[in-house]
Amino acid sequence: MEKIIEENKQGTSLALEQNKANAKKLFIESYGCQMNFSDSEVVASILANQGYNTTQNLEEADLVLVNTCSIRDKAEQTVRKRLEAFNAVKKINPTMKVGVLGCMAERLKSKFLEEEKIVDMVVGPDAYKDIPNLLQEIDEGRDAINVILSKDETYGDISPVRLNSNGVTAFVTITRGCDNMCTFCVVPFTRGRERSREPQSIMQEVQDLWEKGFKEVTLLGQNVDSYLWYGGGLKKDFVKATEMQKATAVDFAQLLEMCAVNFPKMRFRFSTSNPQDMHEEVLHVIAKYHNVCKYIHLPVQSGSTRILKEMNRQHTREEYMELVDKIRRIIPDCSISQDIITGFPTETEEDHKDTLTLMEYAQYDFGFMFAYSERPGTLAARKMADDIPDEVKKRRLQEVIDLQQAMALKRTQRFVGQTVEVLIEKESKKSDLHWSGRNSQNTTVVFPKEGYKAGDYVLVHVTDCTTTTLIGEAVGYSEMQS
Ligand code: 5AD
Ligand code: SF4
C-alpha cells in the first residue's frame, strides 16, 4: 500500500518548466498518497499539450483540478471543504471549470455531478487521457465523467511534467492498482486491478530524469514487490501467458537491478512493499548495490495474527517477524518503516498489545499510524461492525505513536558519531545557511552549506540528532559524486 504523506497535506503545484506558448492556466491540487502527486504530474503533462500552464493562484485559473484520496473519511472531508472554496471563487469567475480526479472521483462517480452539482468534471485514476475530450463535453453543455477502470493503462507513454520539484528527487510509477483486497481498504475499488508498466518506458523516464540532473528516483506502486511485466495485461492473468512471455518476464528484483546497473550514479528507492510479496532476491539486490537505498517501507497494519486474518493480510505475526529477521540478516544497516491501524473491528486489548510487542521486535525507524476509518463498500464495512469506540481507537493510536517516537529516537541516535552519505535536496526549512538531504536509510540530515550545492552527494559527519533529524558537518564528496 502506498505511503500517505500526511492526512491533510495538500500540494498546490507549479511545474518545474512552463511552456511560453501556453495561454490557459491550470490550478492543480493533490491530496493523499505519493501516487496521487505523481498522477497529477501525468495530468499536468496531458494538459500542457492542451495549452495549459500551471499556476498557484486560484483566482487566475481557467481550470481547477483536485486529485483526491478516499483512504479515510477525514481525507474526503478535507477535499469537500476545498470544493466549497473553489465554488466560492467560481461564483466570481463563472468560466472557471472545476474537476475532481482520483480515488474520490472513482468512489462517488456521478454523485458529484447529479446530487451535489459542485463540479463540472469527474475523472477516475485510469481515465486521465480522456480529459481533453471531457473538457470539450463541458463546453458543449454535457456531463463530463469518465470513471472507467482499465486493464492496461499505465501512462507509460506520457512524460510527466514535474510539479513542485526540487530538481533532485522524483517519483516514477511502476505499477498501478492492487489485487490484495485487504478488508479495510478502498484502494482496490478506486484504483482497480494490478498491472505493471513496461520496463523500457520506466528506463526511458529514468534516463530523462538523469539528463535533467535528477539524482534520486523512487519507484512507486501500491505493491511494488508484486511488479511483473510479461508483455502487458493484468497481474492475475499471468497464468495465461505464453511460454515465451513467461521466459522473458521481468519481476521487481530484476527491474530494480536494471535500474541500479544502468544508472550507477542515480539513487533508487521504492514504495510500497507488501510483506507477502517481498522475496529474498529483492533483498539481495538492495544489499548488492550501493545506489539502492537501504530502506524498506513494510506496512504491518497489526501485530495480532487474528486481526491480520480479519484484515485479509496474507501473513501472520510470525511470518512478518521472520521477514524482519531476514532483512536484518541480508541488509544489516537497513531501516524499516511501518503502517499500523488501531481499532480495527473486534480488536481487543490483547491484540493491541501484540501490535506494541511486534513494534518493539521490529524496531521501526519510522511509522505512519492511523485509527481505523470504516470505508463504504469494503469487505470490513459489509461484514463487520465498526465496534471499537473512538476514544479507544485514539488511545491505542497514541500508545502506538508514543512507542514509535521512542524507537525512532533510538534508531536515529545510532548514526551519531558516524559519517553518512547524503544527497543534498534543498535548503533546510529552519535555516538558509544549512542544506537538507537524506542518508540511504531515509533519515533527514542537516548541515552547514559551505561550498556544496543541491544534487551533490556528500559525506556528513553526524554530531547530534533529534527524533527525526541528524545534524552534522560535511567532510567531503562521496564516491557517488561524478
Ligand atoms: N482506516 C485507517 N487506515 C487505513 N489505511 C488504509 N485503509 C484504512 C482505513 N480504512 C492505512 C493503512 C495503509 C495506509 C496507506 O493507510 O495502514 O497501509
Ligand atoms: Fe495496500 Fe492492502 Fe489497500 Fe492494496 S488493499 S492498497 S495492499 S492496504
Side-chain angles (χ1 to χ4, degrees), residues 1-9 31-37 69-77 102-104 106-107 125 149 173 175-195 220-227 234-236 252 270-278 296-303 307-315 320 336-345 347 355 358-359 364 366-388 390 392-394 396-397 400-401 404:
M1 170 75 232
E2 65 236 79
K3 187 164 81 183
I4 298 289
I5 303 172
E6 259 175 49
E7 186 91 56
N8 295 328
K9 177 139 183 190
Y31 291 84
C33 67
Q34 202 53 62
M35 188 72 106
N36 267 4
F37 284 72
C69 172
S70 287
I71 200 106
R72 283 170 288 275
D73 186 53
K74 206 170 145 204
E76 291 203 352
Q77 296 312 329
C103 289
M104 241 176 122
E106 193 63 47
R107 196 177 83 71
L149 287 172
T173 300
T175 70
R176 298 182 71 85
C178 185
D179 284 352
N180 281 337
M181 298 304 272
C182 299
T183 57
F184 53 80
C185 187
V186 77
V187 168
F189 304 97
T190 60
R191 287 190 162 264
R193 305 309 298 256
E194 187 177 308
R195 68 217 93 119
L220 267 192
Q222 262 76 33
N223 187 0
V224 286
D225 297 279
S226 170
Y227 177 89
L234 294 173
K235 167 84 186 279
K236 75 174 176 61
F252 183 58
F270 54 88
S271 190
T272 291
S273 296
N274 242 276
Q276 76 266 18
D277 294 310
M278 174 132 241
I296 300 173
H297 181 53
L298 198 65
V300 66
Q301 316 298 359
S302 167
I307 293 291
L308 288 170
K309 197 147 188 266
E310 294 289 359
M311 288 175 161
N312 193 32
R313 301 287 289 181
Q314 305 299 313
H315 56 87
Y320 186 93
I336 305 177
S337 61
Q338 43 85 352
D339 285 351
I340 285 174
I341 298 175
T342 63
F344 184 78
E347 186 187 68
T355 299
L358 179 74
M359 288 175 75
Y364 294 110
F366 317 98
F368 302 87
M369 297 146 286
F370 317 97
Y372 174 67
S373 163
E374 188 179 74
R375 307 310 296 131
T378 57
L379 211 69
R382 281 187 276 141
K383 297 264 159 64
M384 302 178 89
D386 184 6
D387 60 353
I388 309 298
D390 254 6
V392 176
K393 283 182 189 170
K394 286 200 182 119
R396 289 178 187 166
L397 178 61
V400 165
I401 292 172
Q404 182 54 53

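What you see below is based on every heavy atom in this structure, not just the backbone, and it leaves out hydrogens, waters and symmetry mates. Whatever order the structure lists them in is the order used to number ligands and atoms, beginning at 1.
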Handout entry: Parallel, tilted or perpendicular: rings of Phe344 and Phe184 (30°, 60°)
Key =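 The arrangement is perpendicular - the two ring planes meet at more than 60°.
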
Practice task
Describe, in one word, how the ring planes of Phe270 and Phe252 are oriented to each other, choosing from parallel (under 30°), tilted (30 to 60°) and perpendicular (over 60°).
Solution key: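 Geometry flag for Phe252 against Phe270: perpendicular rings.
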
Problem - Nearest neighbour of atom 16 (O) of ligand 1 from the list Arg375, Arg72, Lys393, Met311, on a heavy-atom basis - result: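 The residue whose heavy atom sits nearest atom 16 (O) of ligand 1 is Arg72.
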
Exercise for the section: Determine, considering heavy atoms only, which of Asp339, Thr183, Ile71 sits nearest to atom 18 (O) of ligand 1. Expected result: Asp339

Exercise for the section: Would you indicate whether Lys309, at its atom NZ, is surrounded by more than 12 heavy atoms from other residues, nucleotides or ligands within a distance under 6.0 Å? Expected result: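 Atom NZ in Lys309 is not packed in, count stays at 12 or less.
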
Handout entry: Glu76 and Arg375 ion-paired at < 4.0 Å
Key = yes

[X] neighbourhood, listing ligand 2 atoms whose heavy-atom distance to it stays under 4.0 Å:
X: Gln222; result: 6 (S)
X: Phe184; result: 8 (S)
X: Asn274; result: 7 (S)

Practice task
With heavy atoms only and a cut-off of under 4.0 Å, state how Cys182 meets ligand 1: side chain, backbone, both or neither.
Solution key: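 Contact part for Cys182 vs ligand 1: neither.
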
Exercise for the section: With heavy atoms only and a cut-off of under 4.0 Å, state how Gln301 meets ligand 1: side chain, backbone, both or neither. Expected result: side chain

Indicate yes or no for a side-chain donor-acceptor contact from [X] to the backbone of [Y] under 3.5 Å, with no hydrogens or angles considered.
X: Tyr372; Y: Asp386; result: no
X: Arg176; Y: Pro125; result: yes
X: Thr183; Y: Glu310; result: yes

Problem - Phe184-ligand 1 polar pair, N/O distance under 3.5 Å - result: yes

Problem - Short N or O distance, Ser373 and ligand 1, threshold 3.5 Å exclusive - result: yes

Practice task
Check if Ala371 has a non-hydrogen atom at a distance under 4.0 Å from any atom of ligand 1.
Solution key: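 Yes, Ala371 has a heavy atom closer than 4.0 Å to ligand 1.
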
Exercise for the section: Dump the intermediate steps for side chain to side chain donor-acceptor pair (under 3.5 Å) on Glu194 and Ser226, then the final yes or no. Expected result: CA-CA 9 Å; Glu194 187 177 308; Ser226 170; 2.3 Å; yes

Handout entry: 2.8 Å cut-off met by an N, O or S atom of Cys182 to atom 2 (Fe) of ligand 2
Key = yes

Problem - Between Asp339 and His297: side-chain donor-acceptor atoms closer than 3.5 Å - result: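 Their side chains do contain a donor-acceptor pair, which is all the 3.5 Å distance test asks for.
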
Practice task
Could you confirm whether Cys178 has any N/O/S atom lying under 2.8 Å from atom 4 (Fe) of ligand 2?
Solution key: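 Under 2.8 Å: Cys178 contacts atom 4 (Fe) of ligand 2 through an N, O or S atom.
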
Practice task
Mark up the atoms of ligand 1 that fall under 4.0 Å of a heavy atom belonging to Phe370, in ascending order.
Solution key: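 Per the distance check, 3 (N), 11 (C), 14 (C), 16 (O), 17 (O).
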
Exercise for the section: Could you tell me whether Pro188 approaches ligand 2 through its side chain, its backbone, both or neither, with non-hydrogen atoms closer than 4.0 Å? Expected result: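 Under 4.0 Å from ligand 2, Pro188 contributes side-chain atoms alone.
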
